[in-house]
Each structure stands twice: as structure tokens, then as C-alpha cells.
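Below: the structure, in C-alpha cells.
Below, chains carry the letters A, B, ... as their sequence lines are ordered, and counting in each starts from 1. The structure displayed is predicted, hence computed values, not measured ones.
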2 protein chains.
Amino acid sequence: MSSVTNGNHERDLPAMTVQRIPLYLRCLLEAQGERLTVLNSKQLGERAGTNAAQVRKDLSHLGELGTRGIGYDVDDLVVHLMRRLGITESRFAAIIGAGRLGSAFLGYQGFVARGVQIVAAFDADPAKVGIEIEGLTVKSIDEFAQAVGNEGIELVLLTVPAVAAQRACDVVVAAGIKAILNFAPCTLSVPDDVTVRQADVAADLQILSFHLNRASSGGETR
Amino acid sequence: MSSVTNGNHERDLPAMTVQRIPLYLRCLLEAQGERLTVLNSKQLGERAGTNAAQVRKDLSHLGELGTRGIGYDVDDLVVHLMRRLGITESRFAAIIGAGRLGSAFLGYQGFVARGVQIVAAFDADPAKVGIEIEGLTVKSIDEFAQAVGNEGIELVLLTVPAVAAQRACDVVVAAGIKAILNFAPCTLSVPDDVTVRQADVAADLQILSFHLNRASSGGETR
DNA sequence: TCGTGTGAAGCGCTTCACAGCA
DNA sequence: TGCTGTGAAGCGCTTCACACGA
């Protein structure tokens with residue numbers, strides 16, 4: 001009603017654009033490491049594995065971030081993408097399930113640079129509670145709700161066995177968490193306002209297996 | 001040229017259908033565990049988190065697998081989907097990078113039931129070579145090409161740091177591997193006939209973070 | 001009757017092509 | 001001149017609605 005050049009560039013990004021923003025951000029951080037200050041849509045597209053038109057269309061949804069005749073300022077764009085992703089300040093995450101996979105993520109040093117900080121680990125198994133993994137003491141799942149408030153936890157990585165996943169998920173949802181990354185190969189039931197992303201490694205391998213078939217068989221039917 | 005009811009149900013599935021087949025398969029295996037013999041499209045859709053129309057359209061691409069008025073025979077469908085994915089016999093996979101994440105997958109018992117068997121682990125670090133993880137001795141990456149032939153390896157899980165990923169990838173591709181699941185947060189350059197799937201946990205968390213923003217802010221612009 | 005298989009409609013994403021601006 | 005931002009065209013996926021068949 002008052003702004004002129006500022007269109008409705010605030011909410012409602014296409015789902016596919018949202019999925020690519022982390023990819024663009026990663027490529028831009030790489031470019032920063034190479035001391036590049038400007039990237040055009042073609043260059044960014046090549047790094048991200050897409051094309052220039054896709055990059056321009058995606059970024060145009062965020063506002064007019066580029067300079068015609070020049071390209072995109074790398075530092076500027078990094079800030080804009082981080083702001084859109086809500087990671088200008090690190091988001092705090094918790095791991096539920098201190099098994100092999102959960103421990104691997106606890107020890108991974110790469111999350112902080114991507115705007116996520118793992119601040120706590122929980123397990124339902126009393127044998128796991130109290131042990132220290134990568135400098136963090138595993139807490140009981142019973143303490144989860146309290147920890148969410150105390151530590152500002154907003155994201156959950158669910159790394160429990162499939163049979164325990166729904167139970168753990170219920171605890172997480174009851175504590176007010178709205179975003180879950182589920183590594184268990186099962187469908188989780190959650191309220192509409194909770195977002196679940198599925199990370200099923202076996203499914204990924206099956207998809208790759210499918211593509212192996214397509215490549216090898218020349219064209220015979222049997 | 002001779003078959004009557006058999007249309008061209010052999011190759012060329014829509015990409016999105018291929019992505020959902022592992023999901024359907026997982027739901028069907030669950031149903032088998034519950035001693036269910038028949039599922040209709042609505043029931044399968046609910047389990048898979050989609051709808052009946054989507055299920056029917058997807059499965060129709062594989063042939064006429066259902067029975068009108070009844071639904072789909074669970075065992076039959078499992079066999080069909082596994083055949084399409086090329087996992088009627090287990091596919092053999094190798095892990096490159098015997099770090100925390102690679103070790104976690106080596107110890108995961110759930111792959112075999114999904115048609116994938118991890119048969120070897122490799123690392124470029126001489127300090128890692130020779131150590132035993134979950135009953136498997138870590139080999140040098142230099143032995144990879146030979147092992148591919150000896151052990152029938154067709155899939156690779158790449159769990160090395162980002163800086164080492166392209167180098168490791170080149171070794172894998174040179175050994176004739178056509179399918180790679182890359183856990184390193186970087187874009188890999190591969191020939192056209194090699195399929196790479198990206199598994200970037202930090203990117204998934206960033207997407208979840210974006211959705212947190214959308215949910216919390218009621219509608220104000222600033 | 002009930003549920004599949006399927007053409008057709010609907011919808012969203014991708015690509016194109018070019019106007020607009022530094 | 002060179003590259004962005006963007007309407008429009010193109011394309012593929014999803015959803016609908018119903019004929020067909022057990």
C-alpha cells in the first residue's frame with residue numbers, strides 16, 4: 001500500500017524453489033571461499049546443477065536481488081537466502097535416538113556453517129542415558145519437553161528404529177516441535193501444523209537400483 | 001507385435017512414480033507383516049501418505065496389477081515392485097568413507113530387507129585401512145576397482161568429507177560404478193551415464209527451518 | 001456393487017524469449 | 001552491451017470422473 005518497487009515478495013515460494021534454495025546457498029558459500037564477489041545466473045546454475053533460467057526464476061521470487069548486466073552479489077545473496085531460510089541466527093536442533101546414526105550426526109561438524117546447531121541428544125533406553133557422545137550427555141526422552149523450552153530447540157532429527165519412531169514422534173510433537181527430519185523408514189502421523197521430512201537411505205538406494213536397470217538393458221522386453 | 005493385453009508397460013516410468021515405488025513397497029511389506037493379503041488403492045494411499053488416485057495411476061504404469069472390485073494382492077505387488085526396482089536378488093553396495101556416518105550405515109541391519117547388501121567398506125586414510133567395523137575390514141580405496149569385479153558391487157554410498165568427495169567419486173566412476181548416493185554436501189561431476197543422488201542432511205534441516213518461519217509469522221510483512 | 005484403469009481436465013513447474021535496466 | 005526479471009508457452013504431474021470388469 002505504500003512500497004513501490006517491493007512487490008509481494010514475502011511469502012509463498014513454490015515448493016521446488018524452496019528445495020533449491022539450500023543448494024544455491026551451498027554453492028554461494030563455496031564461491032565465497034573462492035573469493036568470488038559476483039556470480040551470474042549461468043555460473044550459479046552450473047554450480048548448482050541446473051540452468052540459468054531456473055536460477056533467475058527462483059531468485060526473482062525472493063525479490064530483485066540481481067543487477068542487470070552484472071549478476072548477483074555473492075555476499076548479498078547469501079544474506080538474503082539465509083534470511084529466507086530463517087538461519088541468520090543458528091537454529092537449535094535435538095537428536096532423538098543416540099544410536100550409531102544419531103551419534104554420527106552428533107559428531108558432524110558441518111551443521112553450524114549451514115545454520116543449524118545440535119544442542120542436545122535424547123534416548124528412551126536407560127542404558128544410553130547419561131553416556132557422553134561427542135561432548136554431549138545423552139538425556140532421557142522424558143526430559144525432552146523441558147529441554148525444548150530451556151534450550152530453544154526447534155528442529156528434531158529422529159534417528160530411532162522404525163518400531164520406536166511413532167512413539168518418539170508423539171513425544172516430540174507434544175513438546176511443541178513443528179519440524180522433524182525422520183530417518184526411520186516409516187510414515188509418521190503428525191498434526192497438520194507439523195512438517196515432517198523423510199530421509200530414507202534404503203529408498204534412495206532402491207531408486208538408484210531402478211536406474212541401473214534402465215541403463216543396462218538395451219531395449220529387449222524379456 | 002503379438003501380445004494383446006500387454007501394452008508398453010515395460011520402461012519409461014514418470015520420475016515421480018519411480019520415487020514413490022520404494023514408498024509403496026515399504027508400506028506393502030508392513031502390510032505383509034500384519035498378515036494382510038489384499039490392499040485397495042485407498043488403503044495403500046493412506047499408508048503411503050498420498051491418495052487413491054495417485055496410487056492407481058502409479059501402479060497402472062507397471063501393468064494391470066489389480067483386480068477390479070477387490071484391490072491389489074499384497075504379495076503379488078511386492079514381487080512386481082521389487083522386480084521393477086531390480087532388487088529381486090539383493091544388490092551389492094560399497095561404502096566409501098569409513099568415518100562416523102559410513103560406520104553407522106555399515107552397522108545398520110535394515111538394508112537387506114530392502115534389497116541392498118553392503119559388502120565392503122573403503123577409505124583413503126591409511127590409518128583406517130585394516131580396521132574392522134561391524135565385522136567388515138576396511139580396505140584401501142586403491143583396491144576398490146578390483147573389489148567391484150570380485151564382489152559384484154553396483155551401488156556406492158559416498159560418506160567422505162566434501163573436500164574428498166570428487167576425488168573418491170572419480171575412483172568410483174573409473175571402476176565402472178553407475179549409481180552413487182552422495183552424502184557429502186557438494187556437487188559431483190560425473191559422466192551422463194552415472195546416476196548421483198544427493199543426501200544432504202543440512203539442506204533438509206534448512207528446508208524445515210524455512211517452514212518454521214512460514215508457520216509462525218501470522219501475516220505481517222515485517 | 002465395488003474398485004481398478006484411464007482419458008481428460010487442472011495445476012504447477014520449467015523453459016523460452018525478450019523487454020528493461022545498469 | 002550484457003544480464004536480470006518476467007509474461008507466455010510448453011510440459012509433466014496430479015486430480016477428476018467414469019467406463020470397464022470381477
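The side chain of A:Y72 contributes an N or O atom lying less than 4.0 Å from OP1 or OP2 of D:dG5.
No donor-acceptor distance shorter than 3.5 angstrom exists from the side chain of A:T195 to the backbone of B:L208, with no hydrogens or angles considered. A:N182 contributes a side-chain N or O that, together with a main-chain N or O of A:C186, makes up a donor-acceptor pair within less than 3.5 Å. Remark: side-chain polar atoms of B:Q206 are not paired, donor with acceptor, to backbone N or O of A:L85 under 3.5 angstrom. Between the side chain of A:E154 and the backbone N or O of B:S209 there is no donor-acceptor pair closer than 3.5 Å.
For DNA chain D, the neighbouring residues in residues 28-55 of chain B, judged by any heavy atom under 4.0 Å, are B:N51, B:Q54.
No hydrogens or angles were tested; on distance alone, a donor-acceptor pair under 3.5 Å links the side chain of B:R68 to the base of D:dC20.
Legend: residues meeting side chain to side chain donor-acceptor pair (under 3.5 Å) with B:Q109, ordered by chain and number and at least two apart, are absent.
The separation between B:K57 atom NZ and C:dC11 atom C1' is 15 Å, rounded to whole Å. At whole-Å resolution of the value, CG in A:L77 and P in D:dT4 are 11 Å apart. D:dT4 atom P lies 13 Å from atom CG of A:D58, rounded to whole Å. The NE2-C1' distance, from A:H61 to D:dG7, rounds to 12 Å in whole Å. For the pair A:R56 CZ and C:dC13 P, the computed distance is 19 Å after rounding to whole Å. In this structure, NE2 of A:H80 is placed 11 Å from P of D:dG5, rounded to the nearest angstrom. Following rounding to the nearest Å, A:Q19 (CD) and C:dG12 (P) show an atom-to-atom distance of 16 Å. A straight line from CG of B:D12 to C1' of D:dC13 spans 16 Å, rounded to a whole angstrom.
Relative ring orientation between B:F144 and B:F122 is described as perpendicular, the plane-to-plane angle rising above 60° on a 0-90° scale split at 30° and 60°.
Contacts of B:L65 with the nucleic acid, taken as non-hydrogen atoms under 4.0 Å apart, involve only primed sugar atoms and P, OP1 or OP2.
Checked options B:D58, B:V78, B:T17, B:L29; the residue passing with B:Y24 is B:D58 (criterion: side-chain contact (heavy atoms from CB on, under 4.5 Å)).
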